[in-house]
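Note sheet for the following structure.
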Amino acid sequence: MTGHAEKSAAFVADEDRTHWHDQSLWFVRTKRDRQASAIPEWEALREAASAIKTHTLSRLADYLEEFERNATANGIQVHWARDAAEHNAIVHQILASHGVTHLVKSKSMLTEECHLNPYLEARGIEVTDTDLGERIVQLRKEPPSHIVMPAIHLKREEIGELFHIELGTEKGASDPKYLTEAARGHLRSKFMGAQAGLTGVNFAVAETGGVVVCTNEGNADMGASLPKLHIACMGIEKLIPRAAHLGVFLRLLARSGTGQPITGYTSHFNGPLRGGEMHVVIVDNGRSRILGQEAFRRSLGCIRCGACMNTCPVYRRSGGYSYGYTVPGPIGSILAPQRDPQKYASLPFASSLCGSCTDVCPVKIDLHHQLLAFRKVLVDLKAVPLQKRLSMAVMGFVLSHPSLYRMGGGLMRVIVPRLPRSLVYGSWNPWGIQREIPPMPQQSFRDLIRKEPS
Amino acid sequence: MSSRSAILDSLRQNVPPAASLPAPITGISYVAPIKQFEETLTIAGGVLVRATGPQDLASALADIDVYTSAAKVASLVPGIPSRNVDLSAIDDPHDLEGIDVAVIPGKFGVAENAAVWIPGETLTPHRSIFVIVQHLILVVPASEIVDNLHQAYERIQWSPNSFGIFISGPSKTADIEQSLVIGAHGARSCTVILL
Amino acid sequence: MPNVGLFIPCYVDQLYPHVGIATLRVLRGLGLNVEFPQEQTCCGQPMANSGCDAAARPLAERFLEIFGKYDHVVSPSGSCVSMVRNHYDHWLHGKPRFEHVRDHTFELCEYLTDIAKVVKVDGEFPFKVGLQMSCHGLRELRLGRSSERMVAPFNKVRQLLSQLRGIEIVDLSRPDECCGFGGTFAVAEEGISCLMGRDRIQDHAKAGAEVIAGFDMSCLMHLDGLIRRTNQPQRVMHVAEILEKANLS
């Protein structure tokens with residue numbers, strides 16, 4: 001099974017392009033820093049967001065029921081889906097019963113997780129993703145490589161070439177303004193012709209029974225306000241208790257994710273259009289199980305801002321596709337193995353545990369601690385190769401026995417300097433592919449300390 | 001068992017330890033909130049115009065190029081007429097397409113992020129009016145600029161099925177190589193007139 | 001006068017013994033009573049970080065047995081100290097002397113600034129120095145403000161080194177990006193590990209650093225390996241080696 005290291009090899013091989021990708025994302029990180037530093041109460045905000053999520057998760061069933069009551073009183077039809085399959089069936093059933101053949105969709109990582117688009121397309125419904133980045137990857141028949149900036153891995157020339165083929169723009173044209181204008185026209189016709197709009201949910205408010213959607217482009221509003229049918233899909237963990245709490249989360253979200261104080265549009269959908277329908281689909285898909293895991297439940301606080309990806313030195317240099325999951329980067333490396341430990345066993349190890357993610361997370365998820373904790377889970381599940389587990393056991397044994405350790409160390413320092421270079425740097429030695437090994441001193445610290453005056 | 005019951009039961013079986021809500025946050029306050037609003041709006045790609053009062057509104061509008069040159073203007077501000085648009089005759093929100101400018105009153109503005117709050121009942125005849133037009137002009141009382149979003153939410157009254165939106169600047173995207181482009185799907189420009 | 005146990009990480013013992021000697025001399029130079037218990041080997045981090053808890057546990061237990069008797073434990077390694085303070089709890093919780101050991105095991109720089117309360121560093125180091133603020137020391141032990149956090153700036157390493165005559169601590173474009181060592185990560189994700197390391201070296205080089213100084217020899221070993229393979233001029237040094245020649249008070 002190919003893991004992160006194998007998948008990222010091709011990415012890293014193009015060093016120039018990797019540096020370009022790394023710089024693009026680091027730039028977003030610096031914008032985040034600038035915004036955060038302008039708010040003296042920044043760390044207090046993070047602490048409050050963390051506390052609100054912890055509280056909400058401790059009473060999630062109650063808050064979901066409160067949300068459902070208030071949403072229903074608003075005229076919203078509330079549906080519950082145990083898993084991805086049920087979610088897809090519910091969405092399809094709503095669309096089919098209204099004779100919808102064309103759906104416009106604004107960003108929803110949940111619907112990516114459930115693979116909604118192919119499900120609907122197989123049943124005769126055309127789905128247009130309307131975020132510019134999402135539309136670009138949709139036309140390329142690729143998944144998004146970042147949860148907030150789906151096309152961050154693409155150069156303008158590649159997008160220009162794509163638009164030339166798909167939208168009829170001039171060949172060789174790559175100016176972002178020109179390409180965006182072309183997309184505006186193309187997508188406007190999709191908005192005008194759609195019979196239903198589907199949005200994600202950034203926050204669902206129990207107190208008001210409504211949902212909040214944040215965009216810079218305005219595509220969620222176009223999609224939800226032109227057609228009469230609006231479907232909003234949410235994971236159970238998107239809930240917050242009160243509207244006042246939006247102040248905390250909205251002040252953190254855009255600053256963390258894109259380095260803006262707020263997105264262009266922050267829409268509070270509390271019910272259907274006059275003469276229209278609004279549906280909310282609440283999805284579990286494994287989240288309630290995570291709630292029961294003390295080591296991992298804080299990952300449910302994630303507001304999908306993407307800050308952890310922007311700050312991760314590994315993500316920046318390997319790109320979203322190296323993770324092979326809907327959500328990549330640090331949070332993805334915890335969520336993916338929850339879904340399939342064997343398939344995604346390499347992800348918690350695709351990290352140097354530097355902890356930068358934990359320090360940027362607006363809801364203070366202990367990301368790097370969870371990555372470490374997941375490594376233990378994977379070893380217990382024997383999802384880590386036997387060779388690695390054995391070598392660690394041997395190392396542990398040697399280090400538990402001082403005389404063995406001292407003998408081993410001594411042998412290493414005597415033998416290695418006498419070996420021919422070709423043997424030391426053979427293919428058996430991955431350290432040595434791009435690095436020299438440390439020079440072997442004749443004497444260890446233990447030997448030298450004997451000569452120190454006491 | 002219904003999915004609803006299954007999910008709620010699962011959540012109740014996996015209940016984490018009780019935890020209380022935190023104390024409310026005191027947000028940032030500015031010595032010069034309007035200045036902060038203007039600076040932030042400019043960075044967001046918007047433009048601020050100061051007018052002395054409602055009597056000054058018409059002349060402030062006359063200074064805005066997109067307004068004077070527009071063929072079709074929809075106005076939701078009392079005292080400012082629409083131009084070549086009869087909003088009362090538009091039953092279908094799709095027929096709002098083609099309007100160049102919408103002049104919409106905002107309830108208040110937020111200094112820290114240049115957001116303007118527009119309650120749903122303002123957006124007539126259809127709530128899509130703010131996103132479908134090519135250019136937005138928002139009219140906000142200068143006395144109604146709060147410092148931060150916490151203060152903003154204290155002001156908002158929620159009634160059943162009430163839509164509401166914070167608009168901060170024009171529509172934009174940086175999805176192509178992080179290069180900022182103004183005017184993605186919604187308004188290509190956003191001018192805020194502070195009265 | 002506190003009884004100080006010196007904890008020397010396994011790789012320092014075998015590969016960088018002079019860092020251990022420098023640490024010993026710096027502490028003894030302050031008049032401290034320092035002992036190196038011979039039976040020590042390793043804190044268990046390589047095994048624990050690989051998820052092999054069972055292999056790490058006996059090492060944690062040995063650590064407590066060996067170091068429990070000291071008032072303070074000091075080590076020239078941020079990551080090993082983080083292991084003891086932040087990750088030993090689930091094996092050793094409740095065991096006698098564990099809380100004491102957990103709360104009194106220190107990395108060298110923080111020991112000097114916070115416990116030994118060194119205020120004067122009298123010495124010379126006329127070189128341009130880039131600080132490699134290794135991640136565990138920085139974000140787990142809080143040896144300095146990490147760039148992600150919006151708190152008042154501080155840096156215990158800089159505090160110690162900045163007094164040296166002639167030293168110039170250079171400004172990096174990414175002051176605390178990870179070097180890419182990460183333990184077994186260095187081998188399991190060799191390509192990215194080395195790219196991260198080379199990018200760090202480039203940052204130091206562009207800033208004009210002649211010496212890359214840090215408090216974790218494992219990170220410096222990785223950077224040094226890359227530097228020597230590509231024949232670059234920078235020298236790596238542990239903070240202990242820089243402070244060894246100075247008079248601390």
Side-chain angles (χ1 to χ4, degrees), chain A residues 4-5 8-9 12 15 18 22 26 33 36-37 39 42-43 311 313-314 317-318 349-356 358-360 372 375-379 384 388-389 392-393 395-397 399-400 402 405 409 412-413 430-431 433-438 440-441 443-449 452, chain C residues 8 10 12-18 20-21 24 36 38-42 44 46-47 49-56 58-59 62 135-136 139-140 146-151 174 177-178 180-196 199 221-222 224-226 228-229:
Chain A
H4 180 273
S8 63
V12 174
E15 200 162 306
T18 301
D22 168 74
W26 179 256
D33 288 355
S37 65
I39 304 293
W42 180 257
E43 295 297 334
T311 203
V314 177
R317 292 174 180 80
S318 56
F349 293 92
S351 165
S352 59
L353 301 181
C354 77
S356 182
T358 300
D359 276 356
V360 294
L372 177 58
R375 293 180 183 188
K376 179 172 185 313
V377 168
L378 291 168
V379 164
V384 169
K388 189 167 183 189
R389 286 180 278 134
M392 282 298 136
M395 193 172 168
F397 181 81
L399 290 165
S400 299
Y405 157 76
M412 174 184 72
R413 283 179 288 106
W431 177 274
I433 298 172
Q434 301 184 67
R435 290 167 284 219
E436 292 294 296
I437 62 171
M440 298 282 143
Q443 298 182 294
S444 67
F445 171 80
R446 284 156 199 281
D447 299 326
L448 289 179
I449 194 180
E452 287 291 296
Chain C
I8 297 296
C10 44
V12 170
D13 173 34
Q14 294 296 326
L15 299 171
Y16 297 100
H18 294 286
I21 295 294
L24 180 69
F36 172 75
Q38 295 274 347
E39 326 85 84
Q40 66 181 275
T41 53
C42 172
M47 283 67 72
N49 279 8
S50 302
C52 298
D53 243 36
L59 293 165
R62 287 195 80 244
C135 302
H136 291 148
R139 296 191 185 84
E140 302 257 304
S146 59
S147 59
E148 300 87 359
R149 289 171 85 234
M150 302 303 148
V151 298
R174 299 185 192 182
E177 187 183 40
C178 179
F181 173 68
T184 53
F185 177 84
V187 158
E189 294 261 2
E190 182 269 342
I192 296 178
S193 167
C194 290
L195 186 56
M196 285 166 69
D199 288 347
M221 171 173 73
H222 161 71
D224 191 45
L226 290 163
R228 284 166 46 235
R229 174 62 62 88

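The chains referred to below are lettered A, B, ... by the order of the sequence lines, with proteins before strands, and numbering in each begins at 1. Side chains included, hydrogens not; waters and symmetry mates left out as well; all remaining heavy atoms used. On a predicted model such as this, the values are computed, not experimentally measured, just so you know.
Of the atoms belonging to C:Leu15, heavy atoms from both backbone and side chain fall under 4.5 Å from chain A. For A:Thr358, no part sits under 4.5 Å from any heavy atom of chain C, backbone or side chain. Interface remark: C:Glu190 contributes backbone and side-chain atoms alike to the contact with chain A (heavy atom separation under 4.5 Å). Of the atoms belonging to C:Arg228, heavy atoms from both backbone and side chain fall under 4.5 Å from chain A. Heavy-atom distances place both the backbone and the side chain of A:Arg446 under 4.5 Å from chain C. Of the two parts of A:Ala350, the backbone and the side chain both hold a non-hydrogen atom closer than 4.5 Å to a non-hydrogen atom of chain C. If you measure heavy-atom distances from A:Leu372 to chain C, the contacts under 4.5 Å come from the side chain alone. For A:Ile39, no part lies near chain C; criterion is any non-hydrogen pair under 4.5 Å. If you measure heavy-atom distances from C:Ala56 to chain A, you find no contacts under 4.5 Å at all. Contact of C:Thr184 with chain A is made through the side chain alone, with heavy-atom distances under 4.5 Å.
Residue with the most contacts toward chain A among C:Ala186, C:Gly44, C:Gly182: C:Ala186 (heavy-atom pairs, distance under 4.5 Å). When A:Gly355, A:Pro313, A:Ala393, A:Ser318 are compared by the number of non-hydrogen pairs under 4.5 Å with chain C, A:Pro313 comes out ahead. With chain A as partner, the option from C:Cys10, C:Ala54, C:Gly180 having the largest number of non-hydrogen pairs under 4.5 angstrom is C:Cys10. Comparing A:Val360, A:Leu353, A:Asp359 by heavy-atom pairs within less than 4.5 Å of chain C, the highest count is held by A:Asp359. When C:Ser50, C:Ser193, C:Gly191 are compared by the number of non-hydrogen pairs under 4.5 Å with chain A, C:Ser50 comes out ahead. Between chain C and the residues A:Ser37, A:Ser352, A:Gly396, the largest count of heavy-atom pairs under 4.5 Å involves A:Ser352. Counting heavy-atom pairs under 4.5 Å between each of C:Asn49, C:Asp53, C:Ile8 and chain A puts C:Asn49 at the top. Taking A:Arg413, A:Met440, A:Gln443, A:Met395 one by one and counting their heavy-atom pairs under 4.5 Å with chain C, the maximum is reached by A:Arg413. Ranked by heavy-atom pairs under 4.5 Å with chain A, the list C:Gln38, C:His136, C:Glu39 is led by C:Gln38.
Atom OH of residue A:Tyr405 and atom CD of residue C:Gln40 lie 8.0 Å apart, to the nearest 0.5 angstrom. In this structure, NE2 on C:His18 lies 13.5 Å from CG on C:Leu24, to the nearest 0.5 angstrom. Distance check, rounded to the nearest 0.5 Å: CG of C:Leu59 to SG of C:Cys42 gives 5.5 Å. For the atom pair C:Ile21 CD1 and A:Glu452 CD, the distance stands at 4.5 Å (nearest 0.5 Å). Note: C:Cys178 SG to C:Phe185 CZ = 7.0 Å, rounded to the nearest 0.5 Å. With values rounded to the nearest 0.5 angstrom, C:Leu195 atom CG is found 5.0 Å from A:Glu15 atom CD.
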Full working for salt bridge (Lys or Arg N to Asp or Glu O under 4.0 Å) between A:Asp22 and C:Arg174: CA-CA 12 Å; A:Asp22 168 74; C:Arg174 299 185 192 182; 2.9 Å; yes

Trace of the side chain to side chain contact (heavy atoms under 4.5 Å, CB included) decision for C:Tyr16 with A:Phe445: CA-CA 8 Å; C:Tyr16 297 100; A:Phe445 171 80; over 6 Å; no

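Looking only at atom types and distance, the side chain of A:Ser8 has no donor-acceptor partner in the side chain of A:Arg317 under 3.5 Å away. Side-chain contact annotation: A:Asp447 with A:Ser444, donor-acceptor N/O pair under 3.5 Å present.
Using bins of under 30°, 30° to 60° and over 60° for the plane-to-plane angle, the ring pair C:His222/A:Trp431 lands in the perpendicular bin.
With sequence neighbours excluded, the residues forming a salt bridge (charged side-chain N to carboxylate O under 4.0 Å, His left out) with A:Glu436 are A:Arg421, C:Arg229, listed by chain and number.
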